[in-house]
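Computed from a prediction, not measured in an experiment: that's the story for all the values here. Reckoned from all heavy atoms, side chains included, excluding hydrogens, waters and symmetry mates.
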Amino acid sequence: MGWKKLGSEELHRGRFLSLRRDQVVRPDGSTGTYEHVSVHDTVRVVALDTRGRVLLVEDDFYLQGRRMLHLPGGSTDGQTAAVAGQRELAEETGLVAEHLEHLTTLDPMPGITAARLHLVVATGLTPVANVVGRDATEIGMTAAWWPTSEAVAAVRAGRITEAGSVAGLLLAVQRSSTS
């Protein structure tokens, strides 16, 4: 690797993230600073039923200033992608998966954070009573089953724009058509 970290300082620590400034030697040999965000990895769950449907949630996003349709998921909070995927699926939808399979791992914003996005496919879904545990930011969240073809059409039409959901849906459909 062409970069070398000489030191690091924390500029801000919040509940979910910290902002850091590193002193670095760049690939060209010059020295400088590099500011970045430190957060936990995230996970998105492509929950598929036996009828060819995918479970989507819709929620209010503060920074975008609108409701967004997306796959269930959130921060791993330091857990493995499988454990966090099961937790997020249960918290947001009240379902648990008998099978959870790793689809891929992405680097969604490599210039800003080292946090990775893990995509998993969940099958063998069953409801679990009293498991939905949405936090205060998710109170208005709704969940609905969509035919997979309609979810992909929503991606193509720009209705689903959250990057992990776009990648997860397209990769899961490609995976199922080649198996």
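- Here Thr80 pairs with Ala82, Val83 under the side-chain contact (heavy atoms from CB on, under 4.5 Å) rule; sequence neighbours left out.
- The shortest side-chain heavy-atom distance between Gln79 and Arg87 falls under the 4.5 Å cut-off.
- Contact check for Val121 versus Arg175: side-chain heavy atoms found under the 4.5 Å cut-off.
- Placement of Trp146 and Leu48 within a single hydrophobic cluster is found when ILVMFWY residues are connected by side-chain heavy-atom separations under 4.5 Å, directly or transitively.
- Ile112 CD1 to Ser38 OG: the interatomic distance, rounded to the nearest 0.5 Å, is 13.5 Å.
- Note on residues 107-127: pairs passing side chain to side chain donor-acceptor pair (under 3.5 Å), not counting sequence neighbours, are Asp41-His118, Thr105-His118, Asp107-Arg116.
- For the side-chain contact (heavy atoms from CB on, under 4.5 Å) with Arg44, the qualifying choice from Val166, Val120, Leu117 is Leu117, the only one to do so.
- Contact record, Gly168 with Leu71: CA-CD1, 4.3 Å, taken as the closest heavy-atom pair.
- Although no hydrogens or angles enter the test, the distance criterion places a donor-acceptor pair under 3.5 Å between the side chain of Glu162 and the main chain of Gly164.
- The two residues Ala90 and Val96 have their closest heavy-atom pair at CB-CG1, 4.3 Å.
- Glu98 contributes no side-chain N or O that, together with a main-chain N or O of Leu125, makes up a donor-acceptor pair within less than 3.5 Å.
- For the pair Ser75 (side chain) and Thr42 (backbone), a donor-acceptor distance under 3.5 Å is absent.
- For Pro72 against Thr93, the heavy-atom pair with the smallest separation is CG-CG2, 3.9 Å.
- Under a 3.5 Å cut-off, the side chain of Asp49 and the backbone N or O of Arg51 do form a donor-acceptor pair.
- Contact annotation: the side chain of Leu95 never approaches that of Val128 to less than 4.5 Å [non-hydrogen atoms, C-beta and beyond].
- Arg67 is linked by a salt bridge (charged side-chain N to carboxylate O under 4.0 Å, His left out) to Asp60, counting only residues two or more places apart in sequence or in another chain.
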- Message: Test salt bridge (Lys or Arg N to Asp or Glu O under 4.0 Å) on Glu150 and Arg159; report intermediate values, then the result.
- Response: CA-CA 11 Å; Glu150 289 181 23; Arg159 182 156 181 225; over 6 Å; no
- When you look at Met141 and Glu92, which way does the side-chain contact (heavy atoms from CB on, under 4.5 Å) test go after all the steps? CA-CA 8 Å; Met141 181 181 283; Glu92 295 183 1; 3.7 Å; yes
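- Of all heavy-atom pairs between Leu169 and Ala151, the closest is CD2-CB, 4.1 Å.
- Judged by distance alone, with hydrogens and angles left aside, the side-chain atoms of Ser30 form no donor-acceptor pair with the main-chain N or O of Arg26 at under 3.5 Å.
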- Message: Run Met68 and Asp59 through side-chain contact (heavy atoms from CB on, under 4.5 Å) and show every step you take.
- Response: CA-CA 6 Å; Met68 293 179 68; Asp59 198 15; over 6 Å; no
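- Val155 is connected to Leu106 through a chain of hydrophobic side-chain contacts under 4.5 Å among Ile, Leu, Val, Met, Phe, Trp and Tyr, so both are in one cluster.
- Expressed to the nearest 0.5 Å, how far OG of Ser8 lies from CZ of Arg21 amounts to 10.0 Å.
- Using a 4.5 Å heavy-atom cutoff, the side chains of Arg13 and Leu19 are not in contact.
- Cluster partners of Leu6, using a side-chain heavy-atom cutoff of under 4.5 Å among ILVMFWY residues and allowing indirect links, are Val25.
- For residues 21-46, every residue pair satisfying the ring-ring contact (aromatic ring centres under 6.0 Å, His included) rule, not counting sequence neighbours, is listed here: Trp3-Tyr34.
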- I would like to know whether Val24 and Lys4 meet side-chain contact (heavy atoms from CB on, under 4.5 Å); could you show each step before the answer? CA-CA 6 Å; Val24 298; Lys4 181 179 177 187; over 6 Å; no
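- Both Val173 and Leu56 are assigned to one and the same hydrophobic cluster, defined by single-linkage of ILVMFWY side chains at heavy-atom distances under 4.5 Å.
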- Task: Carefully, step by step, assess Arg20 and Leu11 under the rule side-chain contact (heavy atoms from CB on, under 4.5 Å).
- Result: CA-CA 5 Å; Arg20 304 197 64 84; Leu11 303 175; over 6 Å; no
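- Screening residues 55-99 for ring-ring contact (aromatic ring centres under 6.0 Å, His included) gives Phe61-His70 as the qualifying pairs, with residues at least two apart or on separate chains.
- We find the CD-CG distance between Glu10 and Asp22 to be 11.5 Å, quoted to the nearest 0.5 Å.
- Taking every heavy atom of both residues into account, Leu103 and Ala172 meet most closely at CD2-N, 3.9 Å.
- In this structure a side-chain-to-backbone donor-acceptor pair under 3.5 Å is missing from Glu101 to Ala122.
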